[in-house]
Amino acid sequence: MKRRRFHPLQIITYIGVWIPLAILLWDLTQDNLGADIIREATLRTGKTALVLLVLSLAITPVSTILNYKPLLKLRRPLGLYSFMYASIHFAIFIGVDYFFDLTLIKEALLEKRYAIVGLTTGLILLVLAITSTQGWKRRLKKRWAQLHKLAYLAGFLATVHFAWLVKQGVVEPWIWMGVVLILLLARVPPVKRFTISVRSRSASWLHRCISRAR
Amino acid sequence: MRKISPSEITPEHVYLSRRELLKSMGILMGGAALLAACNGNPPTLTLEPGLPGDPTIDPVDPSASSNVDELGDPLNTFDDITNYNNFYEFTTDKIDVARLAEGYPTSTWEIQVGGLVHNPTTFSMDDLRNFEIEERIYRMRCVEAWSMVIPWMGFPLSKLLAKVEPKAEATYVRFETIHDTKGMPGFSKYPFYQWPYVEGLRMDEAMHDLTLISTGLYGKDLLPQNGAPARLVVPWKYGFKSIKSIVKIDLVTEMPISLWMNAAPNEYGFYANVNPEVDHPRWSQGSERRIGELGRRETLMFNGYADEVAALYSGMDLAINF
């Protein structure tokens, strides 16, 4: 039997992604979520889903800059756990906040733009989660990479969903939107080539400095 | 009069303490709630001691004359009311307001009442204490679609206005919150807003008997997070109309522009009456989450005070005058 070896970063990731949920459940038992538990739980799970998705999107550019390939192993789990938190977020909305009141859910979910955008984001993540396996990767061949570029759209829509829920003057969602756009920009071929050239030049410069010092 | 015990009142909705809610969430995760959902009923949970509306609530501190409002819905707890606040002068984080507002000095307070009045007056806290304080149990519906039931202490605004004798030409009342840039961290943190916090009422709204100047809740003086030492309470309007920590009241002829009207004129109007028919541009106002409950309740026209106030708006298009 082939023994699967985990990179330390994978172990940190697989443990780390459960921490927000553990804190949420702990705070729930300790009555630490304030008066409006449902809102707080919804906000926290939504925020965690967004952060994990952004981290997943950050993996490729960061591994390019650092020239460190093992990082790429984290891209899929971060995306999948983002989907997990998005699912909890949605389940709280449907089952706890609206308590399966279909009339109210229909009104809230299908008539309000923030909810439509949130639902769209969730559906994209669902498709990406389903097709995240090696089997689907093989089956979809080239189209798999194209399909999974939708992660950027999901990231962007998640920040729109966030921005449309806050009051005027709250800047946080716009910061996240900026981060997603920067990460998208980093994938544009000329930008990527530029990053690589800066990296190799600085690496050789560093190398020369070290040799001279010797 | 026979005292009605809460067990005799069957509220339409189930009310839960946070621990009950927690348990139900556990049930939900187990999937059992899915079954409950199929027959369309929220789960029924029995009343336990310590729940809002429970007769075992400490009668002295905090105290209220009743455990329920006139619709039979239980009061929110003192703890919820004093630890979940929108008060951007301190912070936009509702849970953190209480901590940041703790110990905010309000003992040497004055309210200047002027403008188009015959008798401009500066009211000290002692002056305010001379008004006959009564308890009013009101629903508070936030524009963010959550609500609470709060036993306020206070007196009708009309009594205060009577003392200053408004001139005939006064048509609106303009209120202002303290603009204490040193003592409150929000002003420098949120420069986006046009401080100070301003709100306004039409003269007939201001004179309405439901309109309250509140100085306390649950039989105690207001805490800073709730708008100490004196705030407005207009129960048929969204919560943001009920301006906190008032320092200035002016009678004017022009419709005051509130902070929220300035911040988003398409979203927050002058009237801001609770209205399930007129949605916020970004979310539904058809339902609300009563703090402490699972699920949602339908929002009532004028927050359930239609009988008292609907006449004020007869002939007005409330979708335009939102």
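Because the structure is predicted, anything quoted here is derived from the model rather than measured. Quick note: numbers below take in every heavy atom, side chains included, and nothing from hydrogens, waters or symmetry partners. Every chain is numbered from 1 and lettered A, B, ... according to where its sequence line falls, protein lines coming before strand lines.
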Working to the nearest 0.5 Å, report the span between CG of A:L119 and CG of A:L157. 11.0 Å
Decide salt bridge (charged side-chain N to carboxylate O under 4.0 Å, His left out) for A:D97 and A:R39; before the verdict, give the C-alpha distance in whole Å, the side-chain angles of both, and the deciding distance to 0.1 Å. CA-CA 8 Å; A:D97 192 352; A:R39 184 188 139 93; over 6 Å; no
Is the charged tip of [X] near the ring of [Y]: under 6.0 Å from the six-membered ring centre and within 45° of its axis?
X	Y	answer
B:K237	B:Y271	no
A:K167	B:W260	yes
A:R113	A:W164	yes

Measuring heavy-atom distances to chain B, does [X] have an atom under 4.5 Å in its side chain, in its backbone, in both, or in neither?
X	value
A:L33	backbone
A:E40	side chain
A:E107	side chain

Acceptor/donor pairs from residues 176-194 of chain A side chains to any protein atom, 3.5 angstrom cut, sequence neighbours excluded:
from   : atom 1 : to     : atom 2 : distance (Å)
A:W176 : NE1    : A:E172 : OE2    : 3.0
A:R187 : NH1    : A:Y152 : OH     : 3.0

Quick check on B:N86 against chain A: is it the side chain, the backbone, both or neither that has a heavy atom closer than 4.5 Å? side chain
Does any part of the side chain of B:F87, heavy atoms only, come nearer than 4.5 Å to the side chain of B:P224, both counted from C-beta? no
Who are the side-chain contact (heavy atoms from CB on, under 4.5 Å) partners of A:I130, not counting sequence neighbours? A:L126, A:W136
Side-chain ion pair, B:R231 and B:E199, N-O less than 4.0 Å: no
For A:E111, look at atom CD and say whether over 12 heavy atoms of other residues, nucleotides or ligands are found less than 6.0 Å away. yes
I'd like to know if the side chain of B:Y268 pairs up with that of B:S258 as donor and acceptor (distance under 3.5 Å, no hydrogens or angles considered). no
How about residues 275-284 of chain B versus chain A: which residues have heavy atoms under 4.5 Å apart? B:D279, B:H280, B:P281, B:R282, B:W283, B:S284
So which bits of residues 50-85 of chain A come within less than 4.5 Å of chain B, counting non-hydrogen atoms only? none
